[in-house]
Amino acid sequence: MPLADISLAYWNTVLIFAGYIAIITLGQYVSMSSGSLSVAHAAMAGAGAYTGGLLTRDFGAPLPIAMLGGALVGFVFGIVLGFLSVRLHLLVAGLMTLAYSEVMVVVAFSLDYLGGANGLTGVPALTSFWLVYLMLAVLVLAIWRYDTSRLGYAARACRDDPRAAAAMGINVAWVKSLTFALGAAVAALGGVLRIHYTLVETPDGLGFYQGMNFLILAVFGGSYVVWGAVFGGFTLTVLPEILRFSAADRYILYGAVLTVIIIVRPQGVITRVPLGADGGARWAWRLRKRLMARLVAGGAKRPGEER
Amino acid sequence: MEQFFQQVVNGVMVGSSYAIVALGFGLTFSVMHVLNLAHPETAMVGAFAAFVVATLFTTNLLVVIPLAVLAALLAGLLIERLAIRPTRGRHILTSFIATGGLSIVMQNGAQRIFGVDPVRVAVQVEGVQTVGGVIASNMQLMTFGLAVAMMVGARYYVRNTRWGRATRAVSEKHEVAQALGVDINRVSQLTVGLSTAMAGAAGVSLALLHSQATPFMGAIFGTKSFVCMLVAGNRHIEGIMFVGILLGVLEALVAGYISASLRDMVAFGILVLVLYLRPAGIFGSYEHD
Amino acid sequence: MSALLKVTGLHVAYGPARVIHGVDLEINSGEIRALLGANGAGKTTILKAILGLVRAAQGAIEFPEGRLVRGLPPHKIAALGIGWVPEGRQVFSTLSVYDNLLMGAFNEHDQQKVQQRIEEMYKLFPIIETRRGQIAGSLSGGEQQMLAIARALMSAPTLLLMDEPSLGLAPRLVRDVFELVRTINQRGVSILMVEQNARQALRVANWAYLLEGGHIVGSGTPTQIEQSDAIKRAYIGRQAS
């Protein structure tokens with residue numbers, strides 16, 4: 001690929017993409033902070049995008065109002081879905097979110113007012129680089145505060161041991177639904193920013209595979225600390241752009257990177273545990289030791305040498 | 001009425017393929033506590049193996065099917081080694097992403113090798129059977145038979161063999177089973193191998209029925225087998241088989257009587273309703289940790 | 001005389017948290033030894049480290065003395081002749097009683113021997129024979145404990161690790177279990193037993209170790225241990241920190 005391709009405008013686009021994807025991933029992070037498993041955040045972002053797009057296109061609302069409206073719709077969907085799935089097994093709840101996304105796809109697909117299969121178009125371009133990064137900064141700050149707030153601690157208690165949390169007087173159902181809805185609202189906000197940049201929102205952007213993608217971004221980056229979500233959303237968007245191969249090769253490499261990294265660092269790339277005390281460092285050390293053993297002495301092992 | 005039975009028959013034929021993919025998915029999950037997202041891709045591997053064998057060597061089904069199943073099994077063993085064994089005992093999302101990464105690699109790898117467009121799998125089985133106006137092609141019946149044989153085999157293995165017993169023991173309390181002398185890596189290989197062999201059979205069935213294979217055909221099985229597994233619960237093999245076939249029938253009926261575009265959603269809706277009324281699944285539970 | 005099991009300088013850590021700090025213990029052929037200590041002192045962890053279920057950070061585990069087993073996978077260690085009766089019984093509750101017994105002899109390929117051992121177990125535990133077709137989860141707590149012991153004996157081990165065999169049993173059954181420990185020992189199986197019920201354990205053991213906060217804080221014959229202050233401290237004094 002010729003280098004001339006990589007112009008400033010091109011990188012501007014990539015970075016704006018990375019910005020709002022990081023915002024949606026932050027939403028995923030907030031929803032997961034109370035231990036929910038969701039593949040519905042693409043649909044949440046989609047709901048926000050459709051709402052925001054309609055508000056600016058048909059009602060002439062300014063962008064801040066559209067953002068507020070989108071987030072509100074995300075919140076409402078989130079709270080309903082949260083309450084529906086709160087008493088289910090983790091995976092069954094995950095299936096609920098999957099079903100919700102598929103339903104959203106069909107709804108977006110069948111309503112002519114929403115543009116049907118062609119998607120919602122004719123939305124004004126209102127999103128800029130600075131706006132996306134301003135919102136990202138504000139959200140990171142807010143979520144960072146959230147993590148050390150009463151709600152944040154309650155959420156983590158629900159994630160780590162719901163029974164103990166309930167015994168401590170935390171209303172688990174309420175905390176889980178509320179945090180899920182807050183995360184949905186953040187994702188929807190990201191969706192509003194997205195549609196005002198891409199200028200189109202199609203039904204297939206709401207489906208399971210897109211939703212799974214945000215889950216991957218959050219877990220990959222590290223779902224235990226706010227920077228993990230930002231890192232995951234950002235790098236995994238920019239990375240494929242840096243790897244300038246054909247689309248298939250790019251995804252092959254992307255998949256391989258995912259697999260390797262999550263095995264090396266099962267907590268995600270960004271964790272609270274400092275380097276050197278965690279599994280990743282130990283793994284690297286073991287690998288080195290193994291390689292050394294193989295180089296020296298032709299790989300003879302005694303029991304006790306390896307795990 | 002005739003049309004109704006025709007839809008049911010078609011549904012049963014397709015559903016049996018969902019069922020054996022779901023069965024493998026559920027087996028891997030309940031034994032290793034790992035979600036193998038690359039599982040449906042092994043069905044795709046089976047389909048392409050059938051394509052390669054049929055194109056380059058022979059269209060004899062007695063050769064094509066075993067080789068396709070074998071290819072899926074080998075792919076499964078590779079997945080086991082690369083992404084399941086290292087993530088065993090960790091949080092379920094870790095295995096989810098590790099195998100998800102492999103699934104992306106496999107889809108795009110197949111696309112790289114075979115192209116985006118469907119390839120033609122030129123294996124023909126002639127003839128149809130007609131009973132009271134309801135038609136089933138011999139091809140359909142054969143793939144149905146294959147699915148049933150796979151299920152019976154899996155059931156026999158789990159219930160009546162020494163390693164099957166070890167598999168059930170590991171599924172329940174893996175530490176105790178290990179301390180009694182069970183090599184857990186062996187169980188992992190056997191379980192994933194068996195599961196992906198079944199997926200391979202489903203993949204080759206689909207390739208034969210539609211005479212084609214595409215790199216992204218695994219996705220057809222992906223969500224559906226996940227749904228089947230959760231709805232049935234992971235206690236009984238028969239339960240998953242039943243739900244798989246039921247899903248096939250529901251889809252066929254909705255597509256036949258209401259609308260093809262609503263097919264996925266209505267089936268989904270009914271299944272979620274069931275799940276909401278019985279959160280542990282119809283036939284069993286998810287108690288594990 | 002060389003020991004049947006010898007553990008030297010065992011360290012175990014869960015992530016950054018160290019739980020066992022340099023434990024030494026050994027057991028000779030034909031003995032019953034008890035490992036006593038309060039909840040959370042690390043008793044179960046030591047057993048799991050011996051079995052290979054928990055990775056030891058440091059130290060040597062020899063079975064018998066001279067053969068290093070640390071680092072072997074659990075199924076290989078089991079094959080050397082170590083049986084385990086896990087804490088809280090842990091029978092395979094969805095398998096039949098008979099299948100549970102078969103699992104105990106997983107690596108015995110001689111079917112005749114397996115059947116012979118099952119007969120022996122039926123003799124030792126008549127209640128199990130009457131329940132053989134039942135699902136193990138449907139047994140009472142006491143019956144499950146018997147089954148867990150029988151399952152461990154099915155592999156004809158030379159060393160049996162028993163983790164809280166009396167936990168959660170009715171007082172009468174507790175006595176039965178300790179009686180059973182003696183019977184098993186008389187058949188030539190050495191036993192390392194982890195117990196909170198110190199008084200009963202000291203009655204059957206010939207040697208005991210006291211564990212506190214991941215350290216061995218005392219060891220000796222039952223009489224010595226009973227008279228030492230260490231035992232009071234281990235159970236009543238500072239709880240495992």
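Every chain is numbered from 1 and lettered A, B, ... according to where its sequence line falls, protein lines coming before strand lines.
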Please tabulate, for the side chains in residues 38-46 of chain A, all donor-acceptor contacts under 3.5 angstrom to protein atoms that are two or more places apart in sequence or on a different chain.
residue	atom	partner	partner atom	Å
A:S38	OG	A:A40	N	2.9
A:S38	OG	A:H41	ND1	2.8
A:H41	NE2	A:S31	OG	2.8

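In the displayed structure, A:F109 atom CZ is contacted under 6.0 Å by at most 12 heavy atoms of other residues, nucleotides or ligands.
Neither the backbone nor the side chain of A:I261 comes within less than 4.5 Å of any heavy atom of chain B.
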* Report the C-alpha distance between B:F96 and A:M212 in whole Å, list the side-chain angles of each, state the deciding distance to 0.1 Å, and finish with yes or no for side-chain contact (heavy atoms from CB on, under 4.5 Å). => CA-CA 10 Å; B:F96 181 86; A:M212 204 176 77; 3.7 Å; yes

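Counting heavy-atom pairs closer than 4.5 Å to chain A, the top residue among B:M106, B:R90, B:Q111 is B:R90. Between chain B and the residues A:V105, A:L84, A:L37, the largest count of heavy-atom pairs under 4.5 Å involves A:L84. Counting heavy-atom pairs under 4.5 Å between each of A:V106, A:T259, A:L98 and chain B puts A:T259 at the top. Between chain A and the options B:T87, B:N108, B:I104, heavy-atom pairs under 4.5 Å are most frequent for B:N108.
Closest approach of A:I252 to B:R112, counting heavy atoms only: CD1-CB, 4.4 Å. Nearest heavy-atom pair across A:I263 and B:A98 is CG1-CB, 4.2 Å.
The ring-ring contact (aromatic ring centres under 6.0 Å, His included) check on B:Y18 picks up nothing, with sequence neighbours excluded. Looking at residues two or more places apart in sequence or on another chain, you find a side chain to side chain contact (heavy atoms under 4.5 Å, CB included) between A:V219 and A:M32, A:L215, A:I262, B:L93, B:I97.
Close approach to chain A, defined as a heavy atom under 4.5 Å from one of its heavy atoms, is seen in B:L82, B:A83, B:P86 of residues 71-86 of chain B, taken by number.
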